[in-house]
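Structure first, commentary second.
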Amino acid sequence: MKSNRLLRRGPALALVVAGTLAASILRVQAPVKGTVENFTATAVNVTGAPDPVKIDLLRWSTDAEREQVFNALSEKGEKEFLNVLSKQPTLGYVWTSESAGYSVRYAYQTVAPDGGERVVVATDKPLGSWNPQIWKATATATANAYEFTVIELRLNRRRGTGEGKSSVFAKVTADKTAKTIILENYTGATVVLKDVKALQKAGAAAAQTGKPQGR
């Protein structure tokens with residue numbers, strides 16, 4: 001009798017497990033409530049790739065916060081930049097396959113001359129800190145030894161898709177015209193994020209046609 005009950009419960013249990021997994025996937029893919037932007041991507045050209053990456057931004061850096069970070073890098077260099085960056089509030093999170101996420105301490109967006117969007121985010125730890133086996137340069141490449149991570153996304157806002165590069169392979173510098181931190185020689189740097197997608201939120205389409213927040 002006991003074995004018969006287990007057999008009858010088997011299909012039902014399988015459905016419950018499948019439903020739980022499906023719900024988990026939906027929660028990962030769906031935009032997080034209370035965020036201003038959500039991006040998904042896949043890591044490439046680094047150890048551990050392909051690795052799923054998700055960036056959830058709760059808000060953008062204020063002008064005062066942006067100036068603090070920008071001035072630290074442009075006037076005093078990388079050491080002071082990291083010192084100031086680490087004291088900034090958490091603006092969101094970068095999620096990889098690692099056991100914990102990374103606090104975003106800087107987040108800024110600008111509109112490119114061609115109408116595309118440039119998004120720059122920075123964390124006060126290098127990606128791969130929780131798992132030293134990933135987010136390192138492959139055998140044929142040379143990586144920077146930064147104690148932080150800067151990610152720059154370039155997107156076609158109409159399609160909400162694009163690519164991303166990071167301080168793993170590109171030098172971090174201060175753009176004195178836009179007064180923001182950027183990756184030097186972005187076009188010549190190695191791609192580290194492919195299939196970048198800006199997740200669409202309900203009611204956000206109209207807002208996306210206006211002036212980006214943070215400018």
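The two residues W135 and A43 come nearest to each other via the heavy atoms CZ2-CB, 3.7 Å. Here the closest heavy-atom approach between residue A122 and residue I181 is recorded as CB-CD1, 4.1 Å. The minimum heavy-atom distance between S167 and N144, with the atom names listed, is O-ND2, 3.0 Å. Taking each heavy atom of K165 and Y186 in turn, the nearest pair found is NZ-O, 2.7 Å. Looking at every heavy atom in both residues, K176 comes nearest to F70 through CA-CZ, 3.8 Å. Listed here is the closest heavy atom pair of R59 and V36: CA-CG2, 3.8 Å.
Counting only distance, with no hydrogens or angles, the side chain of E98 and the backbone of G128 share a donor-acceptor pair below 3.5 Å. Checked by atom type and distance alone, the side chain of T42 never pairs as donor or acceptor with a backbone atom of P52 at under 3.5 Å. In this structure, R66 contributes its side chain and K179 its backbone to a donor-acceptor pair below 3.5 Å.
Note that the NZ atom of K76 and the CG atom of N71 stand 9.5 Å from one another [nearest 0.5 Å]. Taking OG1 of T142 as the start and CZ of F169 as the end, the distance is 8.5 Å to the nearest 0.5 Å. Distance CD/Q109 to CG/L155: 10.0 Å, rounded to 0.5 Å. The NZ atom of K197 sits 14.0 Å away from the CZ atom of F39 when rounded to the nearest 0.5 Å. Atoms NZ and OH, on K125 and Y102 in that order, are 8.5 Å from each other to the nearest 0.5 Å. The structure places CG of N156 at 8.0 Å from CG of D114, a figure rounded to the nearest 0.5 Å.
When the shell of 6.0 Å around CD of E147 is examined, it contains 12 or fewer heavy atoms from other residues, nucleotides or ligands. By the 6.0 Å contact criterion, NZ on K136 is enclosed, its count of non-hydrogen atoms from other residues, nucleotides or ligands being greater than 12.
The shortest side-chain heavy-atom distance between I182 and T173 falls under the 4.5 Å cut-off. With contacts defined as side-chain heavy-atom distances shorter than 4.5 Å, the pair T47/Q133 does not qualify. Between W60 and E37 the shortest side-chain heavy-atom distance falls below 4.5 Å. With a 4.5 Å cut-off on side-chain heavy atoms, L73 and E78 count as touching.
No continuous path of hydrophobic side-chain contacts links L193 to V191 [ILVMFWY only; heavy atoms under 4.5 Å]. In this structure, W130 is a member of the same hydrophobic cluster as V53, with clusters built from ILVMFWY side-chain heavy atoms closer than 4.5 Å. Residue L153 is not grouped with residue V44 when hydrophobic side chains (ILVMFWY) are merged at heavy-atom distances under 4.5 angstrom, including chains of intermediate members.
Scanning for salt bridge (Lys or Arg N to Asp or Glu O under 4.0 Å) contacts around D175 gives R118, with sequence neighbours left out.
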message = Walk me through whether K171 and L183 qualify under side chain to side chain contact (heavy atoms under 4.5 Å, CB included).
response = CA-CA 6 Å; K171 181 181 178 180; L183 298 179; over 6 Å; no
inquiry  = Go through it in stages, so that I can follow the logic: the residues are Y108 and V69, the test is side chain to side chain contact (heavy atoms under 4.5 Å, CB included), and I'd like the CA-CA distance, side-chain angles, deciding distance and then a yes or no.
reply    = CA-CA 11 Å; Y108 188 62; V69 174; over 6 Å; no
inquiry  = If you apply the rule side chain to side chain contact (heavy atoms under 4.5 Å, CB included), what do you find for S97 with I134, and how did you get there?
reply    = CA-CA 9 Å; S97 63; I134 67 174; 4.0 Å; yes
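Ring geometry for F81 against F148 counts as perpendicular: the plane angle is over 60°, on a 0 to 90° scale with 30° as the lower cut.
None of V46, I151, V168 except one satisfies the side-chain contact (heavy atoms from CB on, under 4.5 Å) rule with L127; the exception is I151.
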Return all side-chain donor-acceptor pairs below 3.5 angstrom for residues 85-94, not counting sequence neighbours, or 'none' if the list is empty.
from, atom 1, to, atom 2, distance (Å)
S86, OG, L82, O, 3.2
S86, OG, N83, O, 2.9
Q88, NE2, Q68, OE1, 3.0
Q88, NE2, V84, O, 3.3
T90, OG1, R105, NH1, 3.2

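Looking at Y106 and T180, their side chains do bring a donor and an acceptor atom within 3.5 Å of each other.
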